[in-house]
Amino acid sequence: MFAKLQGARKEKAPADLQGSAQNSHCSPRPRVCSNPSAGKGMGLLLKVLIPLLGLGLAVYFYSGPGNFNEEMLRGKRVIVTGASSGIGEQMAYHLARMGAHVLLTARTEAKLQKVVDKCLDLGAASARYVSGSMESTAFAEEVVKEAEITWGGLDMLILNHIGYSYFNFFNGDVDHVRKVMETNFLSYVAMTVSALPMLKESEGSIVVVSSVSGKVASPFTAPYSATKFALEGFFSSLRHEFIIENVNVSITLCILGYINTENAVRAVSHVIKVAPAPKEECALEIIRSGALRQRELHYPASTVTPAVLLRDFAPDFLDGLIRSNHQVENIKRAPPSQGSGH
Ligand SMILES: NC(=O)C1=CN([C@@H]2O[C@H](COP(=O)(O)OP(=O)(O)OC[C@H]3O[C@@H](n4cnc5c(N)ncnc54)[C@H](OP(=O)(O)O)[C@@H]3O)[C@@H](O)[C@H]2O)C=CC1
Ligand SMILES: C[C@H](CCC(=O)NCCS(=O)(=O)O)[C@H]1CC[C@H]2[C@@H]3C(=O)C[C@@H]4C[C@H](O)CC[C@]4(C)[C@H]3CC[C@]12C
């Protein structure tokens, strides 16, 4: 109905640094300290404790419990959404090389077919695709149904797709916000709801691919950023409930910085001069953190972890730093929307 199914099976085995004080929950003004020993205490805090805390958190987020072994994925049944390009495509190749069964989804059939073929060459236990659009939660449910029909179960659900969103000043188009919320957020919820009985049975994993834009907002990403913040709220609440109810399904939230996928580089390279991190390594880190049932991945940790730490500690400083990393003069303002989003 919504989806086109196709499959194959391999027989061998299954700018201004001051910033503004608006909306800040910390005072932007430095507090005057009349007690010199309190000043020393603050110096110690800044020089020693904060870096130590940062290091500790980086180790915690980055290593997770136990050691990763690629054999962990052999024979596992994995859905990857947004697998026709970018990070999703690279995850499909890693999983294939590790001997997993993969069910891939995106809209573009021709691209998916090529990815499936390459997965089979790389050694996937089986590889198939379902094509369709995640604007519809009915399609999201259909993909999970396909896994149930084909495999009778599921070990890992990797939620990675995003719909198109412009990189520019917010244009007032509310329908566009609704559409990206449906594609980038609601479909993640719908897939999770449908997959949960199978994941409970297998004591499996949900991997949610998010962004530093879901932790710390940067300019020109208002609709997109909203969808990523929503993911954090929803899945972090769900994680509590799983623990309360002894549901042994892990939830890994992947907080990614700028990655060198074609679409991201095309959208932002004229504005953001920071070098993007490699999509192949990023894809492997996502699979690793999911397999280790880590709570959160920061990739690349060198930019994401400091940003996340600074968010609460020095939000105006961080905002200024973020703006200074954008060449705003290269943004071509689009005309404001008349509210007729599509
Ligand atoms: N690249 C980056 O810098 C960063 C990426 N991320 C996150 O990583 C993930 C992957 O990003 P990236 O690889 O760059 O993205 P890409 O744009 O390369 O890939 C997006 C995927 O989603 C699919 N897709 C697009 N629209 C729809 C739709 N309506 N329904 C179903 N599938 C759709 C695309 O295929 P098709 O067009 O065929 O449907 C494609 O497979 C995203 O969650 C993103 O937020 C986070 C931070 C930074
Ligand atoms: C510009 C973002 C990086 C901001 C950042 O890391 N700040 C902290 C470090 S700093 O203090 O030194 O500045 C980019 C990080 C994530 C990117 C976005 C993303 O998540 C994917 C989208 C993909 C889409 O195809 C278009 C582009 C993206 C909106 C992309 C834009 C750049 C980021 C916001």
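Quick caveat, the model's predicted, so the values are computed rather than measured. Whatever order the structure lists them in is the order used to number ligands and atoms, beginning at 1.
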Suppose we measure from [atom] to each protein heavy atom; which comes out shortest, and what is that distance?
atom	answer
atom 31 (C) of ligand 2	V268 CG1, 3.4 Å
atom 8 (C) of ligand 2	A307 CB, 3.6 Å
atom 34 (C) of ligand 2	S213 OG, 3.3 Å
atom 14 (C) of ligand 2	Y258 CB, 4.3 Å
atom 11 (O) of ligand 2	L321 CD2, 3.4 Å
atom 1 (C) of ligand 2	I272 CD1, 3.2 Å

Original post:
Do N171 and Y166 have a side chain donor and acceptor closer than 3.5 Å?
Top reply: yes
Original post:
Are side-chain N/O atoms of R323 and H326 paired as donor and acceptor at under 3.5 Å?
Top reply: no
Decide whether the shortest distance between a heavy atom of [X] and an atom of ligand 1 is less than 4.0 Å.
X	answer
Y224	yes
P276	no
K228	yes
C254	no
S131	no

Original post:
If you count the atoms of ligand 2 from 1 in the order shown, which ones are under 4.0 Å from a heavy atom of S211?
Top reply: 16 (C), 19 (C), 20 (O)
Subject >> Proximal ligand 2 atoms for L318, defined as those under 4.0 Å from one of its heavy atoms >> reply: 11 (O)
[X] heavy atoms, cut-off 4.0 Å: which ligand 1 atoms fall inside?
X	answer
V209	7 (C), 8 (O), 9 (C), 43 (O)
G86	13 (O), 18 (O)
A264	1 (N), 2 (C), 3 (O)

Original post:
Hey, does T303 come in under 3.5 Å of ligand 2, counting only N/O atoms on both sides?
Top reply: no
Original post:
Can a protein heavy atom be found under 4.0 Å away from atom 28 (C) of ligand 2?
Top reply: no
Original post:
Using a heavy-atom cut-off of under 4.0 Å, does the side chain or the backbone of V274 touch ligand 2, or both, or neither?
Top reply: neither
Any idea which of [options] brings a heavy atom closest to [atom]?
atom	options	value
atom 28 (C) of ligand 1	R107, R266, Q90, M91	R107
atom 18 (O) of ligand 1	A92, S213, S85	S85
atom 13 (O) of ligand 2	N325, V212, V265	N325

Subject >> Geometric cation-pi criterion K118 and Y93, 6.0 Å radius, 45° cone >> reply: yes
